[in-house]
Amino acid sequence: MCKQQLVVQESAPLRGTTRLWGAKNAVLVIMASLLLTRGKSRLTNVPSSCDVWQMIEVLKELGAAVVFDHDLGVLDIDTSKVFGHSISEHRMQKMRASVLVMGPLLARFGKAELSMPGGCVIGSRPIDFHIKLFRQLGIQVTLSGNKVQAEWQSRVGDARLILEYPSVGATENALMAAALSNSSITLVNAAVEPEVLDLVEVLKKMGADITVQVPATIIVRGVQELRPIEHSVIPDRLEAGALLIAAAITKGSITIPDAPVHSMGVFLEKLREMGHVVVESCDGVGVHLTATSSPRAVSFKTSPYPGFPTDLQAPMMVAQAVAKGESSICETVFENRMIHVRELQKMGAQIRHEGMYAHVHGVNKLYGASVIGTDIRACAALVIAGLVAQGVTTVTGLDHLHRGFANFEGKLRKLGANISESRVAKSDTQSGSTCVVGQLSVTNDIQK
Ligand code: UD1
């Protein structure tokens, strides 16, 4: 059996204009939220990524009818005939985000049955925060082996729930569970990532009564019914970040007209600190980057929004690996999100990994090597590193890349990157999990 790998060669400066797909982290939860309604909804700007295809399978398993025009990014989901409230273990293992159907199923059917979502290489990623919030809402949650069964017992009435950590998924699940109810629920220390706020927009379009208060409180006053919607998913700030880093390290110059710069503040500031010229459009959408020829190393620490996004830690580490000077990178969100350090070291990067820190000593050059991407963002980072590595870099583990990005390599190629695809015997690679559906984006050059 063959597996795909990317062959990346040292590339000329990336130049040109590119546009973004809808945010992966928004589209998955929005797809799940459609279970709160009965009828046909339409989502646009939907990326043809493997995780989207996986979520389509989850919704189909529950009885939804789905039509996805993946070239246009138009996804029609009809939930009129949804009957099920349980997800098979096989499906849950494929994608952690399947856990996001739990809130909508509880709201619509009063119960949900699933198994623990697959573990993840970037950390243990438990769902205890989700379960705690559900219990506080009056839902009985029973854990038995790998199975999770949840059912409304006594509804809590009006309540103020305080999250000990602003978990993105737990906030989203609680919001969706509370949206169809008789209660008014206040979530304090909620996650306020732009993708969570896009979900809030969608729920409001459905007819939900939700108020977001600064800095991080969300009040949901439950309603009796929610209706189908049409919605264009917000552009992916994380895809924008990865593309900007690719242009920056190749000393290029790119424009992303739909980049949501209003939600990329800390990240863009770090690029400026490195010496790159970053010009933001005054209406908060659109960015142009002109790279400096002598980037300075900068230190940064990941944290929940509006801090530096953990999903850009790996690509930004690549930028530090070839910058002048020393930097310290601190990963505070996931406990095991530095596996790419080992791969970058193979390419000649000088990085010392100590617990949640990576200490980077910038070098003049990276060298091509065979490297393995172990999560979505790490895989993107390795592809980006290959653009400034002397010789040939082969990147495997592409199942991860394609889970979160729709044709990332194609976009880089259009900007001038020297990247091709090849197939290798499976035994020659050690890549992780396999994406079983929707590999169309790999070879189709999507016009975006
Ligand atoms: C989402 C994003 C992911 C991003 C992350 C942080 C999606 C589909 N994925 O993941 O790309 O990197 O937010 O911005 O939107 N935790 C617990 N118990 C829980 C839940 C979380 O301990 O019940 C821990 C996690 O292990 C992690 C931290 O809290 O260390 C943050 O997780 P969370 O914000 O929940 O991230 P996800 O929703 O899984």
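It should be emphasised that the depicted structure is a prediction, and the values quoted were computed from it without experimental measurement. Start at 1 and go down the list; that is how both ligands and their atoms are numbered.
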Q. Would you say L100 has any N or O atom under 3.5 Å from an N or O of ligand 1, going by distance alone?
A. no
Q. Can you find an N/O atom of S167 closer than 3.5 Å to an N/O atom of ligand 1?
A. yes
(Q) Could you check whether K24 pairs with E239 (Lys NZ or Arg NE/NH1/NH2 to Asp/Glu carboxylate O, under 4.0 Å)? (A) no
Q.
Does any N or O of ligand 1 fall below 3.5 Å from an N or O anywhere on V333, backbone included?
A. yes
Q: Give the ring-plane orientation class for F68 versus W53, where under 30° counts as parallel, over 60° as perpendicular and anything between as tilted.
A: tilted
Q: Considering only NZ, NE, NH1 and NH2 on the basic side and carboxylate oxygens on the acidic side, decide whether K40 and D78 come within less than 4.0 Å.
A: no
(Q) With nothing but distance in play, are any N or O atoms of D128 less than 3.5 Å from an N or O of ligand 1? (A) yes
Q | Residues E89, R91: salt bridge by 4.0 Å N-O rule | A | no
Q. Which atoms of ligand 1 have any heavy atom of I127 under 4.0 Å away?
A. 19 (C), 23 (O)
Q) ring pair (Phe, Tyr, Trp, His ring centres under 6.0 Å) with F408: which residues, sequence neighbours excluded? A) F405
Q. R96: heavy atom below 4.0 Å from ligand 1, yes or no?
A. yes
Q) Would A170 count as a contact of ligand 1 if the rule is a heavy atom under 4.0 Å away? A) no
Q) Are any of the side-chain nitrogens in K301 or E331 under 4.0 Å away from the carboxylate oxygens of its partner? A) no
Q. Among P126, A97, P309, G169, which one has a heavy atom closest to atom 20 (C) of ligand 1?
A. P126
(Q) Does ligand 1 come near enough to Y165 that some N or O of the ligand is less than 3.5 Å from an N or O of the residue? (A) no
Q: Salt-bridge test for R337 and D311: reply yes if a basic N is under 4.0 Å from a carboxylate O, no otherwise.
A: yes
Q: Count the heavy atoms of every other residue, nucleotide or ligand shown that sit under 6.0 Å from CG of D128, and state whether that count exceeds 12.
A: yes
Q. Should E164 be listed as contacting ligand 1, given a heavy-atom distance under 4.0 Å as the test?
A. no
Q.
Out of V99, D311, D375, who is nearest to atom 4 (C) of ligand 1 when you count heavy atoms only?
A. D311
Q) For L28 and ligand 1, does the shortest N/O to N/O distance drop below 3.5 Å? A) no
Q) Does E195 come within less than 4.0 angstrom of ligand 1, counting non-hydrogen atoms of the residue? A) no
Q. For K204, what residues pass the side chain to side chain donor-acceptor pair (under 3.5 Å) criterion, not counting sequence neighbours?
A. none
Q: List every atom of ligand 1 that sits less than 4.0 Å from any heavy atom of R337, numbering the atoms from 1 in the order shown and giving each element.
A: 12 (O)
